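Each remark here refers to the structure printed beneath this line.
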Amino acid sequence: MIIDGKQLSAKLKEQMAEQVVELKAKYGRVPSLAVILVGENPASQSYVRGKIKACEVCGFESILITLPESVSEADLLAEIAKLNDDQKVDGVLVQLPLPKHIDEEKVIDAIALEKDVDGFHPDNVANLWLGKPCIKPCTPKGVMRMIEECGFNVAGANAVVVGRSNIVGKPMAKLLLDANATVTIAHSRTKNLSEVTRSADILIAAVGRPRMITADMVRPGAIVIDVGVNRDSETGKLCGDVDFEAVKDIASHITPVPGGVGPMTITMLMQNTIECFLNRVNK
Ligand code: GUN
């Protein structure tokens, strides 16, 4: 069965749009998200367009700030400071990656904790790992929502996450652990990778290598979630980390690329923006 992230996203955004009408009536304003895009990376431009469009669909206010590739770190930090101080803004997101002359860590640290809709701020990360209330990173949060949609009982299941990035792999493992899965993080140095992945009831691919998860690496009946967004070097088309055509007949559930995790990431960003809005108005 194919888990349709696009359809699930559309349903969740519709629900949020209804919620926003109530929020407006109760608090006199709607949630507001500010997005900063530096440079002209086509993938980043496309992601940012998707985020701004989702704000429209949900009835949020949005602010898009585009800065040239040559912008100085100081000027970018100044923009963030302005948005941090703007009482009408609930969420601040700086699209990554940033140009090499800008220190990404410094930029993430500069976003006010209460407006960190990505959940990348070190205090958010600490709270996640300590089991305290926090904003959860959008991609792993969306993956959990998709697994929930399968009606699968995560507690006690073997979950294998392939990839250990700060944005996906590591927080993904923590959310699965919180749902009482037995979690393995595999990566480029893992020995006997296929053996490890074949032990998975839930297999999450977040590596960034086109079709590296092949049919022989998947246990029959497993849930397979593909976080990869790659360009096929031959066709130029988008493809995931999973060999979809071969794996779809083995897995019980699988996510496509595009139309799987991608739309859910953006939808979870909208949920996080509402969460930040509510934290702020109820402070
Ligand atoms: N670049 C790739 N994924 C993300 C994300 O989730 N948030 C931000 N800010 N940048 C990204």
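Just so it is clear, the model here is predicted, and its values are computed rather than measured. We count ligands from 1, going down the list as the structure has it; atoms in each ligand are counted the same way.
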Could you go step by step and tell me if Met264 and Leu12 meet the side chain to side chain contact (heavy atoms under 4.5 Å, CB included) rule?
CA-CA 9 Å; Met264 286 299 287; Leu12 294 173; 3.9 Å; yes
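Residues Ser62 and Val35 form no side-chain contact, since every pair of their non-hydrogen atoms from C-beta on lies 4.5 Å or further apart.
Every residue was checked against the ring pair (Phe, Tyr, Trp, His ring centres under 6.0 Å) condition with Phe152, not counting sequence neighbours, and none meets it. Phe60 pairs by the ring pair (Phe, Tyr, Trp, His ring centres under 6.0 Å) definition with nothing, not counting sequence neighbours.
Nearest heavy-atom pair, Thr273 versus Asp90, reported as atom, atom and distance to 0.1 Å: O-CB, 4.4 Å.
Among protein residues, Lys51, Leu93, Val94, Gln95, Leu96, Asp118, Phe120 come within 4.0 Å of ligand 1, judged on heavy atoms.
Screening residues 249-261 for salt bridge (charged side-chain N to carboxylate O under 4.0 Å, His left out) gives no qualifying pairs among residues at least two apart or on separate chains.
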